[in-house]
Amino acid sequence: MKIIILGAGRIGESVAGTLVSEQNDITVIDTDAARLRDLESRFELRGVAGNGIEPELLEEAGARDADMLIACAAQDETNLVACKVAEQMFNIPTRIARVRSEAFRGESPLLGREGFAVDRVICPEDSLTRYIARLIDYPEALQVHEFAGGRASLVSVRAVAGAPLVGCRVDEIGAYAAGEAVRVVALYRRREDGPDRFIPAAEGTHVVPGDEVFVLAARQNLRAALAALHRRDPQTPRTVQRVAIAGGGRVGMRLAQQLVQDFPALQLKLIERNAERCQMLAARLPSSVMVLQGDATDEDLMDDESVGESDFFLSLTNDDEDNIMSALLAKRMGARRVLALINRRSYADLIHGTQIDIALTPSQTLLGELLAFVRRGDVQVVHSLRRGVAEAMEIVARGDERTSRVVGRAIKDIKLPRDAHFGLVLRGLPDPDAPLPAGEGEGASPAAEAAEPEVIVPQPGTVIRSGDHVIIFMPRKRLVREVEKLFRVSATFF
């Protein structure tokens, strides 16, 4: 696929690196020629220096035969205008824009073909806010990723000695989770002399303390699955009651607003260094949020405000070093769980899962939204895992026994690439692209809409049907193309 990326900042760089690794033809446009030279030295891509809203420059970048434009420059206006120029002058089929302003969200007519012609709006701050809110809702988890509109989730959790499933076989998790729609798909075991070692979730594999365990589960079984791996007493629910946020920038403010809405009983403190910003935050946030002026790396301030008693401490400033130091300080003072927002991926790789429980890279929360547009076949959802090394994908099985390699066949007869793993199968989900039957539409009976899809843990004899949503875990990104090819229908299926 030929893709033009406008903007070589942190988001653009991360997106470019990921897409290049998947053998796409990438061109990056930016006004900073030195930054482009640096990207060209590290990745197999082409850099074009200049203003990305100028038609001549877009043409130089290859817009005439491009498949996609991803506009992620710093200014909303640049990204919106670039999408309009790409559509009107070059007819680039897919146009994605990074937009921070809330005026250009949802179903705004300004985004349609008569407006800025944006196919999809992405906002890193919103992606981060949604993701962190899920981590607070499931405090045992290191990662929480949703599939099928939230009907199923993939979570990773650190196995704790004494938890019911720790020391047991991975296939025994169903005995500890309410219901059967739950499956362990992978384990990563710590090594002293290198990165964590991937262990396939094969029959007979045992969970040991310290393993990072990836579990796929239906929504109603998620808490029980986490408790089976992380809590010595799974009957005692673990909830987050006290949260402290360091950093009142865009992410910190939006997260505070989201948490007040989702968790009304939460005790929330927000620490911000800038006095004027504190005044603005105090005016815009509900009175239940305590806004404090100060430095989150100041031990005296942290002690005075009892940050050590927090259930979750979130360091979300724009400075990686400050985030690392304040998270380490909060952990030392007794905070149960700490998260640091880290822009430099090399830093995140070093500190994730150490004294800092979660090192979160903003671009990683956004990549899945973009990858779903790039994937071949009927891919619905993509989640990039373990800093881009692994991936989980929701793909729809199409066709019939004659035109598909998977439809009408049992799991045992489907040859997934080695180490790729069937997770869950969701059956009965509505097809958003299917036309409504005659007589249905607005005002139709809600009975059909209320039918709950079936969540299936695939067994060797489970037969895949057309329309099934299949979730597959892949420990290495190079397996993606093989899985896509497996699910591709023949040219005779339309």
Side-chain angles (χ1 to χ4, degrees), residues 120 122 126-127 130-131 133-135 137-138 141 143-157 173-174 177-186 201 214-226 262 365-385 390-399 404 406-407 411 414 416 420-434 436 446-459 462-474 480 483-484 486-487 489:
R120 177 66 182 266
I122 56 173
D126 282 357
S127 297
R130 291 193 299 269
Y131 186 76
R134 289 198 296 269
L135 290 173
D137 198 19
Y138 298 100
Q143 300 178 59
V144 183
H145 300 286
E146 292 184 339
F147 295 94
R151 294 178 179 88
S153 292
L154 174 69
V155 297
S156 72
V157 57
I173 191 169
E180 298 181 355
V182 57
R183 162 170 281 188
V184 175
V185 293
F214 281 82
V215 182
L216 263 168
R219 177 170 46 204
Q220 65 271 21
N221 298 332
L222 194 53
R223 295 189 192 281
L226 287 167
D262 293 349
T365 65
L366 191 66
L367 276 176
E369 298 180 33
L370 293 172
L371 289 175
F373 282 89
V374 182
R375 296 284 181 255
R376 298 178 175 90
D378 203 342
V379 175
Q380 301 294 301
V381 178
V382 177
H383 290 300
S384 181
L385 309 169
E391 192 168 292
M393 181 168 64
E394 176 189 341
I395 188 167
V396 182
R398 300 289 191 189
S404 170
V406 296
V407 173
I411 292 293
I414 300 173
L416 277 183
H421 198 85
F422 280 106
L424 295 176
V425 176
L426 293 99
R427 182 166 294 163
L429 285 168
D431 186 345
D433 298 323
L436 288 172
E449 298 177 12
E452 187 64 26
E454 186 179 4
V455 183
I456 302 167
V457 175
Q459 304 300 325
T462 302
V463 175
I464 300 297
R465 299 179 186 174
S466 182
D468 283 352
H469 289 232
V470 184
I471 302 173
I472 298 175
F473 179 90
M474 293 159 284
V480 168
V483 172
E484 290 176 341
L486 181 67
F487 276 78
V489 296

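Everything quoted here is computed from the prediction, not taken from an experiment. If you read the sequence from its start, that first residue is 1, and numbering goes on from there. Worth knowing before you read on, the calculation uses all heavy atoms, side chains too, and leaves out hydrogens, waters and symmetry mates.
- Not counting sequence neighbours, the partners of Ala186 by the side-chain contact (heavy atoms from CB on, under 4.5 Å) test are Tyr188, Phe198, Phe214, Phe473.
- Between the CG atom in Leu486 and the CD1 atom in Ile472 there is a gap of 7.0 Å [rounded to 0.5 Å].
- Side chain of Arg151 to backbone of Glu452: no donor-acceptor contact under 3.5 angstrom is found.
- The CG atom of Leu424 sits 10.0 Å away from atom OG of Ser153, with the distance rounded to the nearest 0.5 Å.
- Of all the heavy atoms in Ala218 and Val455, the pair that sits closest is CB-CG1, 4.0 Å.
- Between Ile411 and Gln459 there is no side-chain heavy-atom pair separated by less than 4.5 Å.
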Where do Leu416 and His421 land on the side chain to side chain contact (heavy atoms under 4.5 Å, CB included) test, with the steps shown first?
-> CA-CA 7 Å; Leu416 277 183; His421 198 85; 5.8 Å; no

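- With rounding to the nearest 0.5 Å, the separation of CG in Leu154 from CD1 in Ile471 is 8.0 Å.
- Contact check for Val470 versus Phe487: side-chain heavy atoms found under the 4.5 Å cut-off.
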Carefully, step by step, assess Val155 and Tyr138 under the rule side chain to side chain contact (heavy atoms under 4.5 Å, CB included).
-> CA-CA 9 Å; Val155 297; Tyr138 298 100; 5.8 Å; no

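- Under the 4.5 Å side-chain criterion, counting only non-hydrogen atoms from C-beta, Val457 is not in contact with Val182.
- Scanning for side-chain contact (heavy atoms from CB on, under 4.5 Å) contacts around Arg130 gives Asp126, Ser127, Arg134, Glu369, with sequence neighbours left out.
- The two residues Leu135 and Ala141 have their closest heavy-atom pair at CD2-O, 3.8 Å.
- Shown here are the side-chain contact (heavy atoms from CB on, under 4.5 Å) partners of Val381, two or more places apart in sequence or in another chain: Phe147, His383, Glu394.
- Once rounded to the nearest 0.5 Å, the distance linking CG of Asp378 with CD of Glu484 reads 11.5 Å.
- The structure places CG of Leu216 at 9.0 Å from CZ of Arg183, a figure rounded to the nearest 0.5 Å.
- What you find for Pro458 and Gly423 is that their closest heavy atoms are CD-O, 3.1 Å.
- Asp468 contributes a side-chain N or O that, together with a main-chain N or O of Arg465, makes up a donor-acceptor pair within less than 3.5 Å.
- Closest approach of Arg398 and Val489 over heavy atoms only: O-CG1, 3.1 Å.
- In this structure, CD1 on Ile464 lies 8.0 Å from CD1 on Ile456, to the nearest 0.5 angstrom.
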His145 vs Leu385, side chain to side chain contact (heavy atoms under 4.5 Å, CB included): CA-CA, chis, key distance, verdict | CA-CA 9 Å; His145 300 286; Leu385 309 169; 3.5 Å; yes

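- Shown here for Ser466 and Val407, the closest heavy-atom pair between the two residues is N-CG1, 3.7 Å.
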